[in-house]
There are 2 protein chains.
Amino acid sequence: MTILEAATRESAVTCCGMATTPVTEEDAARLAPMFKALGDPVRLRMASMIAARPELCVCEITPAFELSSGTISHHLKTLREAGLVDCERRGTFVYYWIQPEALAALSALLAPT
Amino acid sequence: MTILEAATRESAVTCCGMATTPVTEEDAARLAPMFKALGDPVRLRMASMIAARPELCVCEITPAFELSSGTISHHLKTLREAGLVDCERRGTFVYYWIQPEALAALSALLAPT
DNA sequence: TCCTTGTCTCGACAGCCATCGAATCAACAC
DNA sequence: GTGTTGATTCGATGGCTGTCGAGACAAGGA
């Protein structure tokens, strides 16, 4: 079971945000890395750009930031390892898309239904 | 204008999450520190504990973690500086409460209306 | 006044992280 | 094969951060 699946299922089970029931130690350990990944302005913008479209090519992300391609890849990897996005190579290009369940899990935690 | 007020107003103006419109550079700079503050398991649990009640005494938070009082204070300060909580001393004790607008701003960003 | 208790601040330190440039890899065109 | 372009990985570095313990501060009681 991936982190994402666990987080999604958990939020579905608890069905309420932290404003009603405090998160368990285990949930905190699973969800905190997702918040952490969004805790950098560059990555927050990246995630936002990716979420605003069905999928997005790295070649469209890179020119939006004045950063080296190495740093861009590093941030995308961080978002991927947090379970917030996934990617696929198609020919020369790599495309990223959002994992909506991950966003939903975080959102559910912040705002009780 | 505080960070919190700015974030709250912004989310009210845009009224949609990052799944529909990418956040601006300025919004990202304002909101990322809030996500970052929630990006530590200890702070996420703390915020959750505080959010689950109208207000919470530090003396109730401290025993929930196996950490020194210095570290507890440090994390609470981080949450406060991020605009997620506020506090007040009443006699010997200090009480913390959540800033619901801050959570709402983050939630609005994650989940379009 | 002195002592106790709750909380915060300070100084220090080990570990993590954002960034860069260089090197490497993948796919394609020639 | 050779070269080119897109993307990732690697190594290094300066800065940030989570943690502790000790000290300082605030409030109240003996």
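Predicted model, so just to flag it, every value in this text is computed and none were measured. Numbers restart at 1 for each chain; the letters A, B, ... are given by sequence-line order, proteins then strands.
When hydrophobic side chains of Ile, Leu, Val, Met, Phe, Trp and Tyr are connected at separations under 4.5 Å, A/Tyr95 ends up clustered with A/Phe93.
Applying the salt bridge (charged side-chain N to carboxylate O under 4.0 Å, His left out) definition to pairs two or more places apart or across chains, none involves residues 68-79 of chain A.
Taking atom CD1 of residue B/Ile72 and atom P of nucleotide D/dG18, one finds them 13 Å apart after rounding to whole Å. If you take CD of A/Glu88 and P of C/dA27, they are 12 Å apart, rounded to a whole angstrom. For A/Tyr95 and C/dA26, the OH to C1' distance is 15 Å, given to the nearest whole Å. Between A/Phe93 atom CZ and C/dC25 atom C1' there is a gap of 16 Å when expressed in whole angstrom units. In this structure, A/Leu76 atom CG and D/dT9 atom C1' are separated by 14 Å, rounded to whole Å. Rounded to whole angstrom, the span from the CE atom of A/Met46 across to the C1' atom of D/dT8 amounts to 13 Å.
Using a 4.0 Å heavy-atom criterion, one finds that B/Tyr96 contacts the sugar-phosphate atoms exclusively.
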Do any side-chain atoms of residues 37-44 of chain A form donor-acceptor pairs under 3.5 angstrom with protein atoms, and if so which ones, sequence neighbours left out?
| unit_1 | atom_1 | unit_2 | atom_2 | d |
| --- | --- | --- | --- | --- |
| A/Asp40 | OD1 | A/Val42 | N | 2.9 |
| A/Asp40 | OD1 | A/Arg43 | N | 3.4 |
| A/Arg43 | NE | A/Ala37 | O | 2.7 |
| A/Arg43 | NH1 | A/His75 | ND1 | 3.1 |

Between side-chain atoms of residues 56-67 of chain B and protein atoms elsewhere (two or more places apart, or another chain), which donor-acceptor pairs fall under 3.5 Å?
| unit_1 | atom_1 | unit_2 | atom_2 | d |
| --- | --- | --- | --- | --- |
| B/Glu60 | OE1 | B/Arg53 | NH2 | 3.0 |
| B/Thr62 | OG1 | B/Val58 | O | 3.0 |

Which pairs, protein N/O on one side and nucleotides 14-21 of chain C N/O on the other, fall under 3.5 Å?
| unit_1 | atom_1 | unit_2 | atom_2 | d |
| --- | --- | --- | --- | --- |
| C/dC17 | OP1 | A/Lys36 | NZ | 2.5 |
| C/dA18 | OP1 | A/Arg43 | NH1 | 3.3 |
| C/dA18 | OP1 | A/Arg43 | NH2 | 2.9 |
| C/dA18 | OP2 | A/Arg43 | NH1 | 3.2 |
| C/dA18 | OP2 | A/His74 | NE2 | 3.3 |
| C/dT19 | OP2 | A/His75 | NE2 | 2.3 |
| C/dC20 | OP2 | A/Ser68 | N | 3.0 |
| C/dC20 | OP2 | A/Ser68 | OG | 3.4 |
| C/dC20 | OP2 | A/Thr71 | OG1 | 3.0 |

Nucleotides 11-15 of chain D: which of its N/O atoms have a protein N/O under 3.5 Å away?
none

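Residue A/Ala82 comes nearest to A/Pro33 through the heavy atom pair CB-O, 4.0 Å, listed as atom of the first residue, atom of the second, then distance. When all heavy atoms of B/Ala47 and B/Ile98 are compared, the pair lying nearest together is O-CD1, 3.8 Å. The two atoms that bring B/Leu110 and A/Ser107 nearest to each other are CD1-N, 3.7 Å, heavy atoms only.
Under the side-chain hydrogen bond (donor to acceptor under 3.5 Å, both in side chains) criterion, A/His74 pairs with no residue, sequence neighbours left out. A search for side-chain hydrogen bond (donor to acceptor under 3.5 Å, both in side chains) contacts involving B/Glu55 returns B/Arg90, not counting sequence neighbours. Take B/Arg80 and apply the side-chain hydrogen bond (donor to acceptor under 3.5 Å, both in side chains) test, not counting sequence neighbours, and it matches B/Tyr96. Take A/Thr71 and apply the side-chain hydrogen bond (donor to acceptor under 3.5 Å, both in side chains) test, not counting sequence neighbours, and it matches A/Ser68.
The main-chain N or O of B/Gly91 is found under 3.5 Å from a side-chain atom of B/Arg89 such that the two form a donor-acceptor pair.
Atom CD of A/Glu81 is separated from atom CG of A/Leu84 by 11.5 Å, given to the nearest 0.5 angstrom.
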statement: A correct 5'-to-3' footprint of nucleotides 23-30 of chain D, with B, S and - meaning base, sugar-phosphate only and no protein heavy atom under 4.0 Å, is ---SSS--
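Within residues 48-59 of chain B, the residues that have a heavy atom under 4.0 Å from DNA chain C are, in order of number, B/Cys57, B/Val58, B/Cys59.
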